[in-house]
Undergrad: 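To start, I am sharing the structure in question, which I have written as structure tokens.
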Amino acid sequence: MTGTGPQDGLHAGLKNRHLSMIAIGGVIGAGLFVGSSTGIATAGPGILLSYALVGTLVVLVMRMLGEMSAANPTSGSFSAHADRALGRWAGFSIGWLYWFFWVVVLAVEATAGATILEGWIPAVPQWAWALIVMTVLTATNLVSVGSYGEFEFWFAGIKVVAIGAFIVVGLLAVLGVLPGADTDRASFSNLTGHGGFLPHGPGAILTGVLLVVFSFMGSEIATLAAGESEDPQRAVTKSTNSIIWRIGVFYLGSILIVVSLLPWNDPAIKEKGSYVAALDSLGIAHAGQIMNFIVLTSVLSCLNSGLYTASRMAFSLGQRGDAPKAFARTTARGVPMAAIIASVLFGFVAVFFNYKFPDSVFLFLVNSSGAVALFVWLVICFSQLRMRKIIQAEAPEKLVVKMWLYPYLTWATAGLIVFVLGYMLTDTEGESSGRTTVLLSLMVAAAVIVVALVKQKMAGGRADQAAAEPADRVSVG
């Protein structure tokens with residue numbers, strides 16, 4: 001069979017342009033557009049330091065993941081690496097937690113997209129829009145990995161062009177050369193002119209970190225998708241090496257423009273959202289609708305990638321015997337149909353909970369999956385510490401991507417992640433406070449780890465029994 005990828009059953013249906021755009025678009029979530037206004041209100045212009053801190057963390061974690069994935073590209077990515085480096089229990093636990101995270105994200109994004117679409121076409125109820133969006137993207141993923149890649153190429157392309165245009169136009173306004181812009185308000189002096197760069201003190205930087213850290217989830221998708229590309233090693237290496245400028249331009253660059261175009265405490269930022277307020281200040285007509293279109297594109301991109309990512313993690317777990325065997329079976333087109341359908345069914349159940357029990361069951365699902373991103377990053381750190389030694393011993397030529405200052409920077413990154421988790425415990429405001437998120441996520445993680453350890457012990461017992469049976473038969477004879 002031509003075009004078969006390194007995974008049995010999966011096809012190498014993703015082209016280099018797909019992988020490039022998946023890598024770029026993966027770091028631009030809807031959270032950047034929607035959630036940045038809260039961060040700006042909390043930390044002022046100092047939110048740039050929060051984004052820079054989390055961005056640095058993501059660059060380091062992706063460098064570690066890139067090292068392992070370039071040496072061994074697989075649709076299981078960090079879960080498969082943890083399986084080998086830390087033990088079956090680790091691969092099982094982080095794989096299922098990651099899957100859980102993405103099926104909850106499916107519900108969040110489907111509801112967000114449905115809200116925008118209902119605003120445009122009120123005749124169709126919100127729940128129907130959520131159903132339509134989920135069904136269409138499920139069909140896309142079921143056709144072939146190439147169709148997923150093509151949809152994501154265009155979704156990500158729109159996001160990239162939109163942010164690029166926003167940065168260029170905003171920069172011209174800040175420099176005072178854009179006709180029609182309010183040049184009296186647009187200035188780099190906004191960074192320090194309204195109570196200073198850190199109007200709420202240095203502590204606000206850490207509070208800002210808690211608000212922005214989750215908008216970076218998705219950076220790792222390129223390493224999962226690489227397993228279905230024509231040249232997995234090249235794809236991983238390229239996406240790993242380019243993540244610094246991607247985060248620098250799209251996150252830091254666009255937020256810098258927002259807080260330069262308007263004073264950080266301008267009421268419009270909180271009322272309309274940071275990007276809409278910034279576009280309005282430039283005198284761009286229909287700024288709100290333009291932003292809604294871009295946010296909808298980001299939501300659809302996140303949904304598309306979330307379904308792909310959840311299904312491929314389920315496929316990998318099935319391959320390793322940590323999920324039903326049906327998850328590891330593929331169609332003639334190389335699509336893990338059972339894994340996709342199971343993932344989207346749980347997504348539909350979560351959407352139902354969002355409409356029926358938004359303040360109880362669904363709030364629990366969101367909070368209990370909230371810290372999974374940090375757990376994933378922590379597992380990547382510990383896996384890389386062990387995997388470097390394994391790769392060096394078995395195939396040192398596969399170390400085409402290397403983590404910097406190993407092992408010191410790996411330990412420092414792990415320490416920073418633990419610090420962020422610890423700092424979240426001090427946040428006690430609201431039903432979705434940092435403390436609630438960490439404690440519920442830890443509770444779910446503990447339950448999954450217990451299941452993993454019991455499963456591992458039972459598998460070990462069966463193996464011992466199987467090994468003992470031939471000896472028993474000899475002794476009887």
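Throughout, numbering of the chain's residues begins at 1 and tracks the sequence. Because the structure is a prediction, the values reported are computed rather than measured.
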Undergrad: So, does T330 use its side chain to make a donor-acceptor pair with the main chain of V335 at under 3.5 Å?
TA: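 Checking the backbone N and O of V335 against the side chain of T330, no donor-acceptor pair under 3.5 Å is found.
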Undergrad: Quick one: do the H18 and E150 side chains pair a donor with an acceptor below 3.5 Å?
TA: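 Checked: H18/E150 side chains pair up, N/O donor to acceptor below 3.5 Å.
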Undergrad: Can you find a pair of side-chain heavy atoms, one from S36 and one from V212, that are under 4.5 Å apart?
TA: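 SC-SC contact between S36 and V212 ruled out.
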Undergrad: So L317 and F327, do their side chains get closer than 4.5 Å, heavy atoms only?
TA: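 Answer no - side chains too far apart.
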Undergrad: Using distance alone, with no hydrogens and no angle criterion, decide if S316 and R320 have a side-chain donor and acceptor under 3.5 Å apart.
TA: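 Yes.
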Undergrad: Under 3.5 Å, side chain of S93 to main-chain N/O of A90, donor-acceptor pair present?
TA: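 No, because the side chain of S93 does not come within donor-acceptor range (under 3.5 Å) of the backbone of A90.
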Undergrad: Is a donor on one side and an acceptor on the other found under 3.5 Å between the side chain of R246 and the backbone of S219?
TA: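 Not at all, since once roles are kept as given, no pair shorter than 3.5 Å links the two residues.
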Undergrad: Going by atom types only, do Y98 and E220 share a side-chain donor-acceptor pair under 3.5 Å?
TA: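 Yes, side-chain donor-acceptor contact under 3.5 Å.
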Undergrad: Compute whether any side-chain donor of one residue and acceptor of the other, for T111 and N354, lie under 3.5 angstrom apart.
TA: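 Indeed, the side chains of T111 and N354 share at least one donor-acceptor pair under 3.5 Å.
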Undergrad: Check whether any side-chain N or O of W129 sits under 3.5 Å from a backbone N or O of Q126 as a donor-acceptor pair, and report yes or no.
TA: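 It does not hold such a pair.
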Undergrad: Going by atom types only, do Y275 and S37 share a side-chain donor-acceptor pair under 3.5 Å?
TA: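 No - no donor-acceptor pair under 3.5 Å links their side chains.
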Undergrad: Are the side chain of T223 and the backbone N or O of P73 linked by a donor-acceptor pair below 3.5 Å?
TA: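 No; judged by distance alone, with no hydrogens or angles, the pair does not exist.
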Undergrad: State whether a side-chain donor-acceptor pair under 3.5 Å links E228 with Y148.
TA: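 Note: E228 and Y148 side chains miss the donor-acceptor criterion.
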Undergrad: Indicate whether the side chain of T207 and that of T42 have a donor and an acceptor atom separated by less than 3.5 Å.
TA: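 No, no side-chain donor-acceptor contact under 3.5 Å.
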Undergrad: Hey, does M64 have a side-chain heavy atom less than 4.5 Å from the side chain of T413?
TA: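 Side chain of T413 against side chain of M64, heavy atoms only: contact under 4.5 Å found.
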Undergrad: Which label fits Y51 and Y251: parallel for a plane angle under 30°, tilted from 30 to 60°, or perpendicular past 60°?
TA: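 Rings of Y51 and Y251: tilted, 30 to 60°.
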Undergrad: Using a 3.5 Å distance criterion without hydrogens, assess whether the side chain of S69 forms a donor-acceptor pair with backbone atoms of G66.
TA: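 Between the backbone of G66 and the side chain of S69 there is no qualifying donor-acceptor contact (under 3.5 Å).
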Undergrad: For the pair W102 (side chain) and S343 (backbone), establish whether a donor and an acceptor sit closer than 3.5 Å, ignoring hydrogens and angles.
TA: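 A pair under 3.5 Å: no.
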Undergrad: For side chain to side chain contact (heavy atoms under 4.5 Å, CB included), just list the numbers for V213 and M424, CA-CA rounded to whole Å, side-chain angles, deciding distance to a tenth of an Å, and then say yes or no.
TA: CA-CA 11 Å; V213 67; M424 286 177 74; 5.6 Å; no
Undergrad: Is the backbone N or O of I205 less than 3.5 Å from a side-chain atom of S50, with the two atoms forming a donor-acceptor pair by type?
TA: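 Side chain of S50 to backbone of I205: a pair is present.
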Undergrad: Report yes or no: does S144 contribute a side-chain atom to a donor-acceptor pair with the main-chain N or O of S147 at less than 3.5 Å?
TA: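 Present.
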Undergrad: Does S301 use its side chain to pair, donor to acceptor, with the backbone of T297 at less than 3.5 Å?
TA: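 No; judged by distance alone, with no hydrogens or angles, the pair does not exist.
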